Amino acid sequence: MAERIEVSQYVKDADLSAIVCALAKACADIAQKIRFAGLDDIYGAAGAVNVQGEEQQKLDVFANDVLTGALRKVDCVAAAVSEEDDEPILFDRATGKYAVIFDPLDGSSNIDVNVNVGTIFSVQAGSPLQKGENQVMAGYVVYGPSTVMVLTTGAGVASFTLDDEGEFLLSAENMTMPAQGFYYSVNEANAPKWDAAYREFLAMLLRGEMGGKAYGARYIGSLVADFHRTLLKGGVFLYPAMGGKGKLRLLYEANPLAMIAEQSGGGAVNGAERILDLMPTDIHQRVGFIVGSKREVEALQKAVLGAR
Ligand code: FDP
């Protein structure tokens, strides 16, 4: 049997290890809740609307409370910034150095139908309003047939699988996204609202003009799950801005996944610019988000820039 390495042992920096240990425990609790959701009256709406104007689901609220509660106990965490809270939650303590920014349960529309959902997180030293380039740790958990955490601290990407005892154990190291894949992942119902460059880019993929083979489509509608497939199989995920406005959130969706993409050899742009170079002005800011294999992301960026 392979050596048993817990995620908190894998991360060598003591502060980051304490943070990931808290996140892992919280995500193990969330995984457990999701597994038995149908028996626990936890499906459905919680009755409130979050800062994004979206109806909160009971599991959103549960996941947010568990994560915030876990981070409150970590001395080096100064602030918890969540999709579900209008403002950062500040922990008033002199030892606080890090902001942990998270989407507690991504893929809300898939919660009630037993399809993969996830938790995404990013860690910044100091203010949460910094470029993604400065993230000191980023990752996500995908709750699926296996519950898996994918993590980077800026030196490659590793994944950890949740075992029966509630520990995330190392299951893959030095993960690399294929340099090209043959899937595109996008909500095509939005195509009429995209800039023409995106429609032309997809038409080119379908004609088999990139790599001599026509691309196939895969869209789950849970960002973590669509990203996880893209990390393992290659290809490109797109949620382009429409009328200049993106849907996905920069701080707790695009930035952490962009860091993992780059650390595994892929790329991430908002169309023209690299995601990790964007300077945020609001914790809930939205962006166009294109992430995936290097070849597709570079070709898309070229198409968008060429159309200007
Ligand atoms: P959801 O609205 O279900 O919460 O972050 C939001 C998100 O899901 C992503 O997980 C997903 O990739 C995307 O939005 C799905 O959006 P569409 O339903 O517009 O395709």
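If you're wondering where the values come from, they're calculated on a predicted model, not measured in any experiment. Quick note: numbers below take in every heavy atom, side chains included, and nothing from hydrogens, waters or symmetry partners.
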* To do: Group every Ile, Leu, Val, Met, Phe, Trp and Tyr by side-chain heavy-atom contacts under 4.5 Å, then state whether Val157 and Val11 land in the same group.
  => no

* Worked verdict on Ile260 versus Gln263 for side-chain contact (heavy atoms from CB on, under 4.5 Å) -> CA-CA 5 Å; Ile260 290 170; Gln263 284 292 319; 5.7 Å; no

* Kindly say whether Val236 contributes a backbone atom to a donor-acceptor pair with the side chain of Ser185 at under 3.5 angstrom? => no

* To do: Might you work through the side chain to side chain donor-acceptor pair (under 3.5 Å) test for Ser108 and Gln57, ending with a clear yes or no?
  => CA-CA 7 Å; Ser108 306; Gln57 303 296 301; over 6 Å; no

* Can you tell which of Leu67, Val61, Thr68 makes a side-chain contact (heavy atoms from CB on, under 4.5 Å) with Asp65? -> Val61

* Short side-chain to backbone donor-acceptor contact, Asn270 and Val287, under 3.5 Å -> no

* Asked: Do any N or O atoms from the side chain of Asp195 and from the backbone of Val304 form a donor-acceptor pair under 3.5 angstrom?
  -> no

* Structure fact -> Minimal heavy-atom distance between Met137 and Leu16, with the atoms involved, is CE-O, 3.6 Å

* To do: Count the heavy atoms belonging to other residues, nucleotides or ligands that lie under 6.0 Å from OH of Tyr183, then report whether that count exceeds 12.
  => no

* To do: Would you confirm whether Ser293, through its side chain, and Arg295, through its main-chain N or O, come within 3.5 Å as a donor-acceptor pair?
  => no

* Looking only at heavy atoms, what is the nearest atom pair of Asn64 and Phe102, with distance? -> OD1-CE1, 3.4 Å

* How about Asn190 and Tyr239: do any of their side-chain heavy atoms sit closer than 4.5 Å? -> yes

* Does Val142 belong to the same Ile/Leu/Val/Met/Phe/Trp/Tyr cluster as Val20, with side-chain heavy atoms less than 4.5 Å apart forming each link? -> no

* With no hydrogens and no angle check, is any side-chain donor or acceptor of Arg274 less than 3.5 Å from a backbone partner on Gly267? -> no

* Asked: Under the salt bridge (Lys or Arg N to Asp or Glu O under 4.0 Å) criterion, do Glu200 and Arg207 qualify, and how do the steps go?
  -> CA-CA 10 Å; Glu200 283 155 24; Arg207 289 195 301 267; over 6 Å; no

* side-chain contact (heavy atoms from CB on, under 4.5 Å) assessment of Glu188 paired with Leu202 -> CA-CA 10 Å; Glu188 284 190 274; Leu202 289 194; 4.2 Å; yes

* Asked: Is Leu276 reachable from Val123 through a run of I, L, V, M, F, W or Y residues, each pair having side-chain heavy atoms under 4.5 Å apart?
  -> no

* Apply side-chain contact (heavy atoms from CB on, under 4.5 Å) to Tyr184 and Leu206, showing your working. => CA-CA 9 Å; Tyr184 69 90; Leu206 286 169; 3.8 Å; yes

* When rounded to the nearest 0.5 angstrom, what distance separates NZ in Lys33 from CZ in Arg35? -> 13.5 Å

* Compute the ring centroids of Phe160 and Tyr10, then answer whether they are less than 6.0 Å apart. => yes

* **Stepwise side-chain contact (heavy atoms from CB on, under 4.5 Å) test for Asn187 and Tyr219** => CA-CA 7 Å; Asn187 185 341; Tyr219 190 69; 3.8 Å; yes

* What do the steps show when you test Tyr143 against Thr119 for side chain to side chain donor-acceptor pair (under 3.5 Å), and what is the final call? -> CA-CA 8 Å; Tyr143 307 101; Thr119 296; 2.7 Å; yes

* Asked: Crowded around Asn114 CG? As in, over 12 foreign heavy atoms under 6.0 Å?
  -> no

* To do: Would you please indicate yes or no on a ring centroid separation below 6.0 angstrom for Tyr215 and Phe182?
  => yes

* To do: Following the transitive rule for hydrophobic clusters with a side-chain heavy-atom cut-off under 4.5 Å over Ile, Leu, Val, Met, Phe, Trp and Tyr, establish whether Tyr98 and Leu90 coincide in one cluster.
  => no

* Polar side-chain atom of Thr230 near backbone of Gly234 as donor-acceptor pair, under 3.5 Å -> no

* Answer yes or no: is there a side-chain heavy-atom contact under 4.5 Å between Thr281 and Leu129? => no

* To do: Give a yes or no on whether a salt bridge exists between Asp15 and Lys97, defined as a side-chain N under 4.0 angstrom from a carboxylate O.
  => yes

* Evaluate the criterion side chain to side chain donor-acceptor pair (under 3.5 Å) for residue pair Asn110 and Ser222; output intermediate values, then yes/no. => CA-CA 7 Å; Asn110 280 325; Ser222 283; 2.9 Å; yes

* To do: Please indicate whether Arg199 has more than 12 foreign heavy atoms, meaning atoms of other residues, nucleotides or ligands, lying under 6.0 Å from its CZ.
  => yes

* Please say which of Thr147, Leu105, Asn116, Ile111 ends up in a side-chain contact (heavy atoms from CB on, under 4.5 Å) with Ile34. => Leu105

* Would a hydrophobic clustering, with Ile, Leu, Val, Met, Phe, Trp and Tyr connected at side-chain separations under 4.5 Å, put Phe121 with Leu162? -> yes

* Asked: Do the side chain of Ser171 and the main chain of Ser159 share a donor and acceptor less than 3.5 angstrom apart?
  -> yes

* Flag yes if more than 12 heavy atoms outside Glu87 fall under 6.0 Å of its CD atom; otherwise flag no. => no

* Looking at Tyr198 and Gly271, what are the two nearest heavy atoms and their distance? -> OH-CA, 3.3 Å

* Asked: Is the shortest side-chain N to carboxylate O distance from Lys247 to Glu253 below 4.0 Å?
  -> no

* For the pair Tyr140 and Asp106, evaluate side chain to side chain donor-acceptor pair (under 3.5 Å) and give the outcome as yes or no after the intermediate values. => CA-CA 10 Å; Tyr140 64 87; Asp106 177 69; over 6 Å; no

* Specify the closest pair of heavy atoms between Val148 and Phe168, including all atoms of both residues, with the distance to one decimal. => C-CE2, 4.2 Å

